[in-house]
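Down below is the structure, laid out as structure tokens.
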Amino acid sequence: MKLSKLYCNDRRFKDIKFNLKGLNVIYAEVQSLPNEKKNSHDLGKTKLVELIDFLLLKEIDKLHFLLKKKEVFDTFVFYLELKLNSGKYLTIRRSVDNHSKIAFSLQNITTEGFIPPKKWDKEEIAIKNAQEMLNTYLALDFFKDKDYNYRKSIGYSLRRQQDFADVYSLSKFSKGKHKDWKPFMFDFLGFDGKLLKEKYANDEKQEKIREYINNLRAEFSVSENSRDEIVGQLSIKTTEVNKIASQIDAFNFYEQDKELTRKGVDEIENKIAALNTSVYLLEYDIQKLEDSIRNNFAFNLSKVIKIFDEAALFFPKELKKDYKNLLDFNRELTDERNKNIREQKANKEQELKKATIELQQLNNTREQILSFLQDTDTFRKFKAYQKELSEKQSEVINLQKRLEIIDLIIQKEQELDKLKKDITETIDELKKIARSTDTNIRYKKIRDLFATYFKEVMNEDVYISWSLNGQDNVDFHSPKITTKENDRIDTVKDEGNTYRKLLCVIFDLAVLVAYSDVSYFRFVYHDDVLSQQDNGIKNRLLGLVSRVSKEYDFQYILSVIKSDLPTDENDKPIYFKDSEIILRLSDEDEKGTLFGFDF
């Protein structure tokens, strides 16, 4: 896969058409001094790496420059056209405002100029799904049957300044664990990454089980060696519990005092229940009678006459007389009815008073009987047995719980034994691989290319290597540079910044060439690669990347400022060809920046 075009809907942005083979130079003409407000870092050459990564569907947060200045870039829509290894062209569209939704357009030929495709095959695709979709479009052989996608290795084709610190571990891996990147690197170098991933997973499981077992031992103060001892104690305590339970079952309070029990249960409780019901019904009836008395017949003849007068209607005297008679009749009926209701109410109140007194007496009697029963020797014995039974049952439950914990520990120990066996088998496989690295074709190719290219640039011998550490996990050693006088002596030159940068550059080149026989990335971007390098190194490095990128058909993209250009024997800058420069930046004014404005 190669980069074909990068463009934007904002005309101020400097659209880019990449060379599909050989050098692609981002050239910055810088006049200001480093301590001035404007310098090479403000022009956008480093931002371009981030923008390409953005369009290759990196997930971003509010710290990304596009979102930190969202008010500036909110309307921006970016497009990246890729040339796939199949020969087709894929355009990716991603906006800043809706950066989590992606669109794809697949075409047989490149689009005209910097005009977006008219037809989009996929739109509004969520970022995670879009990454998997792009992984399918790219169809890179290396990622087939892997549990990760192209995003895992994209950093080795887009090296930022912070990624030159370590050949193997990119800055994005620094916050994670070894399991997050070492199995991938093992794959990358041609070995079985799944084996290493399984080792890390089993190590983690083993550690969690050990921690779990130790917590159980500490919390419950148990040991697997005491299991049989606890079984013996449990047998004794269970026998004691059964014996006490049998003694409790033998108690019979009815035989102790038959009459007392009969009166207490059969008569008193039944009477109390019946009286409670009677009291409830009497109170309900009395309330209804009181409501009935308050509900008197109401008719005001004077108000009726007044309404007729106000309406200027005639109200006949005979009619008035008939209404009056009717009122008198109803009043007599109401008086008679209320008299009867009051008599009923008085009778029910008398019944309620009598029932309440009797209920109080029965409750007092019941309390006396229960008090007498509790004072008996039999009841005291019963209570003592109950207390002892409760204590013994608690002891049994505690022993059973400890036994369960021991059995759980034994179960976890068995799981540990199986894990140890699996880990041992994995270690044996890793050791077998470590003893036969010379037979691994991909690894040998990367290592040989790495040594050859470094020798061409630095005229020094270097090698990469790995080994198993004390935990039988893989350690990737920093490349070792040997002295010219004695090639058996390793030097520490690889610890310097310039050496580390060159080692990373050479490693990325070696990987691209080693994977040139399969479908893989066909580009690499090295940001500020010539900075602080010796002039001879610059010339030899540029000669190497120019030749190798053409020979193996990949793009070598680099950013450089004028002051970092290599020079000839007369100390004159050696400029790149116009055809090799894909983007020109300048600090003359804001129009010379990548986005065409300062932000």
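Scanning both residues, Y200 and K182, for their nearest heavy atoms gives OH-CD, 3.2 Å. Pairing each heavy atom of L530 with each of K538, the nearest pair is O-CE, 3.2 Å. Residues N19 and S579 come closest through the heavy atom pair ND2-O, 2.9 Å. Residues N135 and Y150 approach most closely at OD1-N, 3.0 Å, considering heavy atoms. In this structure, I209 and L419 approach most closely via the heavy-atom pair CD1-CD1, 3.7 Å. Shortest non-hydrogen contact noted between D438 and K444 is O-CD, 4.0 Å.
By the neighbour-count criterion of 12 heavy atoms within 6.0 Å, atom NZ of K172 is densely surrounded, having more than that number from other residues, nucleotides or ligands. The number of heavy atoms from other shown groups lying within 6.0 Å of CD1 (I115) is above 12. Summarising the local packing, CD of E71 is surrounded by more than 12 heavy atoms from other residues, nucleotides or ligands at distances under 6.0 Å. Within 6.0 Å of the NZ atom in K591, the count of heavy atoms belonging to other residues, nucleotides or ligands does not exceed 12. Within 6.0 Å of CG in L63 there are more than 12 heavy atoms belonging to other residues, nucleotides or ligands. Around atom CG of D568, more than 12 heavy atoms belonging to other residues, nucleotides or ligands sit under 6.0 Å away. Sparse packing is recorded around NZ of K194, with 12 or fewer heavy atoms of other residues, nucleotides or ligands lying under 6.0 Å away. More than 12 heavy-atom neighbours from other residues, nucleotides or ligands sit within 6.0 angstrom of NZ on K70.
Because its NZ or CZ atom is both nearer than 6.0 Å to the ring centre of F597 and within 45° of the ring axis, R12 counts as a cation-pi partner of that residue. A cation-pi arrangement is not found for K480 relative to Y463, the charged atom failing to lie both closer than 6.0 Å to the ring centre and inside a 45° cone about the ring normal. With a 6.0 Å cutoff to the six-membered ring centre and a 45° limit on the axis angle, R93 does not count as a cation-pi contact of F78.
A donor-acceptor pair under 3.5 Å links the side-chain atoms of R151 to the main chain of L56, judged by distance alone. A donor-acceptor pair is defined here as one N or O able to donate and one able to accept, closer than 3.5 Å; such a pair exists between the side chain of E81 and the backbone of T111. A distance-only check finds a donor-acceptor pair linking the side chain of S436 to the backbone of K432 [under 3.5 Å]. Put simply, the side chain of N9 gets close to the backbone of T75: a donor and an acceptor are under 3.5 Å apart. With hydrogens and angles ignored, the 3.5 Å screen pairs no side-chain donor or acceptor of D192 with any backbone N or O of D187. Under a 3.5 Å cut-off, the side chain of S105 and the backbone N or O of K119 do form a donor-acceptor pair. Checked by atom type and distance alone, the side chain of D598 never pairs as donor or acceptor with a backbone atom of E590 at under 3.5 Å. A donor-acceptor pair under 3.5 Å is formed between the side chain of D121 and the backbone N or O of L106. Proximity of a side-chain donor or acceptor of R442 to a complementary backbone N or O of A514 within less than 3.5 Å is detected. S531 contributes no side-chain N or O that, together with a main-chain N or O of D528, makes up a donor-acceptor pair within less than 3.5 Å.
The structure places CG of N535 at 10.0 Å from CG of L565, a figure rounded to the nearest 0.5 Å. Rounded to the nearest 0.5 Å, atoms CZ (F184) and CZ (F143) are 6.0 Å apart. In this structure, I537 CD1 and Q532 CD are separated by 12.0 Å, a value rounded to the nearest 0.5 Å. Between atom NZ of residue K2 and atom CZ of residue F521 there is a gap of 14.5 Å, rounded to the nearest 0.5 Å. The distance from atom CZ of R159 to atom OG of S171, rounded to the nearest 0.5 Å, is 9.5 Å. Here the CG atom belonging to L67 is positioned 10.0 Å from the CG atom belonging to D97, to the nearest 0.5 angstrom.
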Decide yes or no on side chain to side chain contact (heavy atoms under 4.5 Å, CB included) for F18 and S4, but give the supporting numbers first. CA-CA 5 Å; F18 295 89; S4 177; 5.8 Å; no
Verify side chain to side chain donor-acceptor pair (under 3.5 Å) between N85 and S519, making sure each step is shown before the conclusion. CA-CA 6 Å; N85 292 335; S519 178; 2.8 Å; yes
Between L82 and L3, is the side chain to side chain contact (heavy atoms under 4.5 Å, CB included) condition met? List the steps. CA-CA 5 Å; L82 306 175; L3 309 181; 3.7 Å; yes
Check the pair V560, V529 against side chain to side chain contact (heavy atoms under 4.5 Å, CB included), reporting the backbone distance first and the verdict last. CA-CA 7 Å; V560 61; V529 67; over 6 Å; no
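A salt bridge is defined here as a Lys NZ or Arg NE, NH1 or NH2 lying under 4.0 Å from an Asp or Glu carboxylate O, and D578 with R584 meets this definition. Salt bridge absent: K58 and E50 never bring a charged side-chain N and a carboxylate O closer than 4.0 Å. A salt bridge links K144 with D141: at least one charged nitrogen is closer than 4.0 Å to a carboxylate oxygen. Between E415 and K418, none of the side-chain N atoms (NZ, or NE/NH1/NH2) sits under 4.0 Å from a carboxylate O, so this pair counts as no salt bridge. Note on E204 versus K179: salt bridge recorded, some NZ/NE/NH1/NH2 to OD/OE distance being below 4.0 Å.
With contacts defined as side-chain heavy-atom distances shorter than 4.5 Å, the pair E460/K455 does not qualify. Between R160 and T46 the shortest side-chain heavy-atom distance does not fall below 4.5 Å. Taking the side chain as every heavy atom from C-beta outward, I433 and L195 approach each other to under 4.5 Å. In this structure, the side chains of F454 and D461 stay at 4.5 Å or more apart for every pair of heavy atoms. The shortest side-chain heavy-atom distance between H526 and Y556 falls under the 4.5 Å cut-off. Residues I446 and I464 form a side-chain contact, since some pair of their non-hydrogen atoms from C-beta on lies under 4.5 Å apart. Counting only heavy atoms from C-beta outward, the side chains of R94 and F54 approach each other to under 4.5 Å. Residues E59 and K128 form a side-chain contact, since some pair of their non-hydrogen atoms from C-beta on lies under 4.5 Å apart.
Aromatic rings of F576 and Y27 (six-membered ring for Trp) have centroids beyond the 6.0 Å cut-off, not under it. F554 and F523 have their aromatic ring centers separated by at least 6.0 angstrom. Between Y7 and F13, a ring centre-to-centre spacing not shorter than 6.0 Å is recorded.
Counting only N and O atoms by type, the side chains of S153 and Y520 include a donor and acceptor under 3.5 Å apart.
In summary, of the residues considered (W181, F188, F507), a ring pair (Phe, Tyr, Trp, His ring centres under 6.0 Å) with Y168 occurs for F507 alone. A side chain to side chain contact (heavy atoms under 4.5 Å, CB included) with K45 is found for one member of L583, I26, L594, L558 and no other, namely I26. A side chain to side chain contact (heavy atoms under 4.5 Å, CB included) with W120 holds for exactly one of K122, E123, E124; it is E123.
By the 30° and 60° cut-offs, the orientation of the rings of F65 relative to F599 is parallel. Note on ring orientation: taking the six-membered ring where Trp is involved, the planes of W466 and F191 are perpendicular (angle over 60°, cut-offs 30° and 60°).
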